[in-house]
Amino acid sequence: MGKRVGIEVSLAISEAVKQANVDAIAAYPITPQTHIVEHLSELVAEGTLDAAFIPVESEHSAMSVCAGTAAAGARTYTATSSQGLALMNEILFIIPALRLPVVMTIANRSLSGPISIWNDHSDIMSVRDTGWIAIFAENGQEAYDLTLQSFKIAEDHRVLLPISVNIDGFTLSHVIEPHEFLDQDEVDQFLPAYQPAVQLNPDAPVSMGMVGIPEIYTEAKKCQDEVLKASMAVIKEVFADFGKRFGRRYQVVESYRAEGAETLLLTMGSVSETAMETIDRLRDQEQRPVGLLRLRLWRPFPVEDLIAAMPGVKTLAVVDRAVSSGGTGGPVAGEIRSALYSVQDAPYVASFIAGLGGRDITIDDFAVMITQAEAMAKVKEIHQYKMIGVRE
Amino acid sequence: MTKKFNEKAWHEYDLGFMVTQPGCAAEYRTGDWRSQRPQTDKSKCIKCGVCYLVCPEGSIVLAADGSYDFDLEHCKGCGICATECWTGCISMVEEGE
């Protein structure tokens, strides 16, 4: 195990990608993701990383190139944000359909308009149904660890699906944090060279991306969804293996001081660290039975783990960082309400939308949400969502 | 007996629904799409082979006498052969007539 190094989170992710010894990187710069691929291009240029770095004219081309390099059997990486992710949209659906294990960092940023370069989760929520595995990191160490683990999950022959590792733009991407890097031989033992199941090869020709006529399309979508759901077991297996080797343990749903809690907050991404402060304050200073769930895995959605993580809980306050326009609540809260609908004595779900377009969510904001959720639960208030901190 | 492409269960296809057998598109009977069928007046056929060259589906086959027949299992009835035939010996007739 290496020593702790103070380094920008974007560069720590680049280090993980370098240690994963990727073969191909295709990317287009977009704030706040730029530092990651900028640093990778330097590593390739100076000969530290033996990979093809393919600069392209748009994110649509970046993801198209990733499809090509992954189909040719190359370990493939890219990174993007917001508008860039939106421009990739068409190809995002094709990558999992072709079963190509591309790994992508998304430095989460709000979508225009209004134009915003700051952080929320509207980009990842807009590609919810593309068929990618989606994982959230809370800090730089997690971003580094999860990037390495993502290659192993994606390339497992039981999976062969693309993964997005989501990190909050600026809040993580541009912050210098202490990171504990693995030694290269530890990475090599954990993550052996990629063995493609099938690849484009003139000696054994295959055609990828065929037409799915009506007699085929339904079976193709069923297969894709079953594989995505089944990836859950492999994700847990890889998390467990990583934990055993290196001592940093990951769960698809993480609990914080949730024992005996009657009210739970539910968060995703870096705000979870602020939420922990709120829980500590309410538990230690006010002796309130509250706790926190952090959803690490967004796709496949961990229904069973989530239900198991809230025994006896009466109120769940779900914090969304995106608006599902014209919908029935925040996108995460909507999924959770749906998952809990047939569960006996399910907790009351309060949906809060906060932290849009880079607005901070403070320790006090989370305390307000918990208090408000408990009051709403008492009268079983029917609501779609409450927006926190909006000027009325 | 191996299942036809449209009889398999969702888990029986190749990875990513890719095609690993070159030329297997021939299994699919595109002739079902046809609403008009090509017909030759062989007395006018000069055996030039233009129809054979222009058919986009490779559905025109050389007959023993040097003229051309149609592979009606795959001919979609597009009518390019009838339009391009130098002597006008190919005509399109409605299916069912």
Side-chain angles (χ1 to χ4, degrees), chain A residues 66-68 70-73 76 91-102 130-132 154-162 194-231, chain B residues 1-38 51-61 69-84 92-96:
Chain A
C66 287
T76 300
I91 317 300
L92 292 177
F93 286 87
I94 295 170
I95 304 278
L98 299 185
R99 305 289 300 280
L100 301 174
V102 175
T130 53
W132 286 56
E155 293 169 3
D156 189 294
H157 284 199
R158 294 165 291 173
V159 179
L160 292 170
L161 288 172
Y194 172 37
Q195 300 291 338
V198 186
Q199 67 196 106
L200 295 176
N201 176 358
D203 296 330
V206 295
S207 293
M208 297 184 185
M210 307 306 292
V211 165
I213 53 176
E215 292 95 323
I216 297 270
Y217 192 87
T218 304
E219 282 67 28
K221 293 325 268 190
K222 170 75 174 168
C223 182
Q224 209 185 314
D225 196 46
E226 290 296 332
V227 171
L228 180 56
K229 286 178 183 157
S231 72
Chain B
M1 195 185 131
T2 49
K3 288 184 182 171
K4 287 184 183 168
F5 78 95
N6 58 355
E7 290 173 344
K8 291 181 184 176
W10 63 266
H11 49 83
E12 293 176 324
Y13 288 87
D14 284 318
L15 183 75
F17 285 68
M18 68 180 71
V19 171
T20 53
Q21 286 284 317
C24 69
E27 277 177 42
Y28 189 54
R29 303 289 158 86
T30 49
D32 293 351
W33 302 5
R34 196 173 57 240
S35 60
Q36 290 188 323
R37 182 175 74 244
C51 56
Y52 179 85
L53 293 174
V54 297
C55 176
E57 293 299 325
S59 296
I60 292 177
V61 288
D69 291 329
F70 303 102
D71 165 10
L72 292 175
E73 289 197 340
H74 295 99
C75 167
K76 296 170 180 169
C78 70
I80 292 175
C81 55
T83 302
E84 297 297 330
M92 300 302 289
V93 298
E94 290 295 320
E95 281 293 353

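Naming: A, B, ... by sequence-line order, numbering from 1 per chain.
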### OH/B:Y52: more than 12 non-hydrogen atoms of other groups inside 6.0 Å
no
### Distance in Å, A:R99 CZ paired with B:D14 CG, rounded so as to fall on 0.5 Å steps
11.5 Å
### Proximity breakdown for A:A97 and chain B, heavy-atom pairs closer than 4.5 Å
backbone
### Separation of B:E12 CD from A:E219 CD (nearest 0.5 Å)
10.0 Å
### Query
What distance do A:I213 atom CD1 and B:Y28 atom OH have between them, rounded to the nearest 0.5 Å?
4.0 Å
### Query
Any side-chain heavy atom of A:Q224 sitting closer than 4.5 Å to one from B:F17?
no
#### Entry: Contacts of residues 195-203 of chain A with chain B (heavy atom under 4.5 Å)
A:A197, A:V198
### Message
So A:I216 and B:N6, do their side chains get closer than 4.5 Å, heavy atoms only?
### Response
no
## Note on the structure
Taken to the nearest 0.5 Å, the spacing of A:C223 SG from B:K8 NZ works out to 12.0 Å
### Toward chain B, the part of A:E226 with a non-hydrogen atom under 4.5 Å
side chain
